[in-house]
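Each chain gets a letter, A, B and so on, in the order its sequence line appears, and its residues count up from 1.
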2 protein chains.
Amino acid sequence: MSVINTNFAKLPGNYLFAEIAARKARYLADNPGARLINMGIGDVTRPLSPAVIAAMHAAVDEMSKAETFKGYSPDGGYPFLRELISEHDFKSRGADIAPDEIFISDGAKSDCANISDIFSPDCVVAVCDPVYPVYVDSNAMAGRAGSYTGDKWDKLVYLPCTSGNGFVPELPSVKADMIYLCYPNNPTGAAITFGELKKWVDYARANDSVILYDAAYEAFISTPGVPHSIFEIPGAEYCAIEFRSFSKTAGFTGTRCAYTVVPKKLERDGMSLHAMWSRRQATKFNGVPYVVQRGAAAVYSPQGRKETEETIAYYKNNAKNIREILQASGIKCIGGTDSPYIWVTLPSGLDSWTAFDRILAEANVATTPGAGFGSCGEGFLRLTAFGEPDDTIIAAERIARLLK
Amino acid sequence: MSVINTNFAKLPGNYLFAEIAARKARYLADNPGARLINMGIGDVTRPLSPAVIAAMHAAVDEMSKAETFKGYSPDGGYPFLRELISEHDFKSRGADIAPDEIFISDGAKSDCANISDIFSPDCVVAVCDPVYPVYVDSNAMAGRAGSYTGDKWDKLVYLPCTSGNGFVPELPSVKADMIYLCYPNNPTGAAITFGELKKWVDYARANDSVILYDAAYEAFISTPGVPHSIFEIPGAEYCAIEFRSFSKTAGFTGTRCAYTVVPKKLERDGMSLHAMWSRRQATKFNGVPYVVQRGAAAVYSPQGRKETEETIAYYKNNAKNIREILQASGIKCIGGTDSPYIWVTLPSGLDSWTAFDRILAEANVATTPGAGFGSCGEGFLRLTAFGEPDDTIIAAERIARLLK
C-alpha cells in the first residue's frame, strides 16, 4: 500500500503557468537585456482603486485598536460583504440569491479546486477542451480523471470547443455528474448566450448533474443578452454552483477575495450541497482577512463601482486594439469583447509551443500556448489584455508581423 | 452511485466551535442583558502590533500605484517572508530549513486539513485523544476515518492523552502512516520535551510514518528544553511536516497568515512530498495577500519582535492567573505555562457539556467542553487566556466557585 496519493504521479509536467514562468526565466537568464511584454498569465497590472485603498487603510486602522480589532471572521464571511454581493450581483439581475448562499473565500481557483471535496470520487467529470487546467488537475488529484495517455485523461469527458461550434460545446453524449463551464471563457474569451446556457441547465436538471460555473470574468461582459450569472437561468438553483472573483473585476489577484454561490435548493442523494460546502469550509478554511473583506465591500460603493468600471474599460480597450491589429493583418481571432482574453488562430502547421517560443524570442512577448489548455487548444494562442496600452499595441503589432 | 461524497453524511453534529457559537447565541437570545466572558474559542483580542500596522499601511499604499502594485504572489510566498522565517524560526534554533521548504498560506487550519490531499485514502491515521477536531473531520471527509460509532471513528488510531501519561501519548501499538501531533497541545496546553518528541521521530523513521506536527502555539513556549520545532530533532526532515501560524503568535486570526514546512528530504514511495505539496498549492491555492505577507514580515523586525513578545506576555499572565485561581480552590488543571490553554479536571460525575451549559448560565463564561475534543476529553474543560485581564480574573473566580 502507498502512503502517498499516487494520482499525483500521473500528472504530466508542471502546472501550465509554472512551466511558462520557467521558460520566461530561462530566456531572460540567456538574454539579460531583454524587456518582455507580458500577454501570458492573466494577471492584472492596474492599482487598486482609490475607494478600495481608502477602505483598506480604514480597516487596518481598526485592527490597530482593541475596541475595533477583528479576530476570526464569521463562517462564510462578513454579512456586510455577503449582503452587498447578494444585492448588486444577483438580486439586481433577477437572480434570487440570499446572502447566506454566498461563501466568501480567498480565490475562485481555490474554490473551483476544493469543491471536489464534496463530490464522490466516482463522479463522471466533463470539461471543455481547451480548458482552464485547474479543473482537470484538481480532479486528477482526486482520482476522477483516471490515467493520462498521450494528451487525454481516460476518465474525463471532453467537450470540444472549436471554431465549428463557436467555442460553446455540444451537450455530452454520456451522462456527466460534474460539468465545469467557464463563461466568459478562459482561455477562448467566448461568451455564452442565455439560450445556450439554458440548454445546459436543462440537461443538468434532467441528468442530476451539477454544473460548476466559473464566472470569474463576468465584469468584462458588455454584450446585451449575455447572462452575468448562471442563476439568471430559471432552475439553475437546483443544479449549479457559481464561482466569482474580485481578481479580474477589481484587481485583487494579489489581494485575494472571491466567492462561491451554493444555493440551498441544490441537493443530491438526499444531501444539501449548501450544508456540505458550509461544513467543508468551516472545517478546512478560516476566512478572508477582515481588511480584504472591507476592500471588497468598497468595490460596491458608488465611487468604487465607477473606478472599477474605468479599469475594466482600460483593459477592454487593450483587448479591442489587440483584436483589431491582428484582424487587420488577416489573422483570425475571437474573444476580447466580453473578456480580457483573445484566442488567436495560428497559421496552419505552426504548433502552439513553437509559436510561444518563437514569439518569446523574436517578439519578446510572453503568451500562452493553446495546447497548454488541452488538445483542442493546439493551433491557438491566448493573449491577455492586462498590459500597458502602448506596450499592448507594440506587442500586438510584433505578433501580427510574425504570424502573418 | 452517489454524486456526493457520502463521507460527509457520517460526520456527527456540527463543527465543535459552530456548536458552541450556536449555544452562546441561544443563551444570549434568551438573556438579552447578559454579558458573557469568552474563554471558549481560542481567538485573540489584542490589536495588531504597531510595527505590523505600519507595514500593512505601507503595503496598501504600494497597491495604490501602478509602479509598486502587486498581482499574484510568487508560488509558495514572497522570498522576503520565507527568508525571514527560515532565519528566525529555524536556523537560529539549529534547524536547517531553507526558504523554499516553507510554504506561506492563509492558515494552519487550512493546511492541516488540505495536507490530506497528498496522502493515500488508505493511510492509517493516528490522532491524540483529546484532539483538535480539524484533523479528525478532514480525514473523515477523505474516508480515512471509517464510520463513527458511538464516540469513535472505527478506522482511526486513537492515542489517549491522560493525566496518567502527562498528556503525552504512548507510541501506537499498530503501524500508523499519518500521525498528527500538536505541541504545545490544543486542547490540553501540555508541552513535549525534546526526548519525548525524539521517540516519535524515531518511530516515524522506523515505520515510514509521516508526522504532521502542528506547532501553532510555539510562541507560547517558555520552558527551557521544550523544542520550538520538530526540526530541532535530528532526522525529522525525513519524516515530518510542520504547521506554524501567525494567528496566535501575532494576533492574525482575522488577518490570516501561516506557513507549512515540507522538507525536501521527505520522500515516500519514491515521491518527494515537497514536490507534491508544491504542486497541490500551485493548483489549488493562489497565495496570501501581499499586504498580509508584508504585515507578517514586520513581526520579525526588532520592533515587531518586541511588541509581539509583550502581547504574548499579556496572554501568559492571564493563563498564570487562571491556573493559580483554580489551583488555590483545589481544582486540578494543567497547561498555561507553554500555552494559552488551561485544561481543567472537572469534579467527578460532572460531564463536560453539562459543565459548559452550567458555567455559561451561572457564571456567564463561555468555555469549551473537553468531550468536544474526543472521548478522553470527557471530564475536562478547556479555558483560553485571550481575554481582558480583569475579566479573566473574574471569570476564573466564578468558575472556581462553581466547580469547587
Measuring from atom [atom1] of [X] to atom [atom2] of [Y], what distance do you get when rounded to the nearest 0.5 angstrom?
| X | Y | atom1 | atom2 | value |
| --- | --- | --- | --- | --- |
| A/N286 | B/F252 | CG | CZ | 14.5 Å |
| A/D122 | B/N5 | CG | CG | 10.0 Å |
| A/R280 | B/D137 | CZ | CG | 12.5 Å |

Between [options], which residue shows the highest count of heavy-atom pairs closer than 4.5 Å to chain A?
| options | answer |
| --- | --- |
| B/V124, B/L48, B/D177 | B/L48 |
| B/Y72, B/F8, B/Y290 | B/Y72 |
| B/A113, B/C257, B/G71 | B/G71 |
| B/R268, B/E62, B/R46 | B/R46 |

Closest contact, heavy atoms only, [X] versus [Y]:
| X | Y | value |
| --- | --- | --- |
| A/A66 | B/P47 | N-CG, 3.7 Å |
| B/V3 | A/D269 | N-OD2, 2.8 Å |
| A/S120 | B/S2 | CB-O, 3.2 Å |
| B/F285 | A/S110 | CA-OG, 4.0 Å |
| A/M271 | B/A9 | CE-N, 3.7 Å |

Is A/K284 close to chain B through its backbone or its side chain, or both, or neither, when contacts mean heavy atoms under 4.5 Å?
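Contact with chain B is through both the backbone and side chain of A/K284.
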Q. Where does A/T255 contact chain B at under 4.5 Å (heavy atoms): side chain, backbone, both or neither?
A.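 Both backbone and side chain.
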Residue [X] versus chain A: region with a heavy atom under 4.5 Å:
| X | answer |
| --- | --- |
| B/D106 | side chain |
| B/V292 | side chain |
| B/K70 | backbone |
| B/D208 | backbone |

| message | Report, in residue-number order, which members of residues 50-58 of chain A are under 4.5 Å from chain B by heavy-atom distance. | response |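 Residues A/I53, A/M56, A/H57 are the ones that qualify, each having a heavy atom under 4.5 Å from chain B.
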Checklist line | B/I4 and its side-chain contact (heavy atoms from CB on, under 4.5 Å) partner, picked from A/V210, A/L273, A/I118 | finding: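 So, applying the side-chain contact (heavy atoms from CB on, under 4.5 Å) to B/I4 and each of A/V210, A/L273, A/I118, only A/L273 qualifies.
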- In terms of heavy-atom pairs under 4.5 Å with chain B, which of A/D43, A/N7, A/T6 leads?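 Winner by heavy-atom pair count: A/D43.
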**Asked** So which of A/S73, A/G107, A/C123 has the biggest tally of heavy-atom pairs under 4.5 Å with chain B?
**Response**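 Highest number of pairs under 4.5 Å: A/C123.
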query = By side chain to side chain contact (heavy atoms under 4.5 Å, CB included), which residues pair with B/E310, not counting sequence neighbours?
reply =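 B/E310 satisfies side chain to side chain contact (heavy atoms under 4.5 Å, CB included) with B/K306 once adjacent residues are dropped.
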> Do B/D117 and A/M141 pass the side-chain contact (heavy atoms from CB on, under 4.5 Å) test, and can you show the C-alpha distance, the side-chain angles, and the key distance before you say yes or no?
Replying inline: CA-CA 8 Å; B/D117 283 2; A/M141 289 172 182; 5.7 Å; no
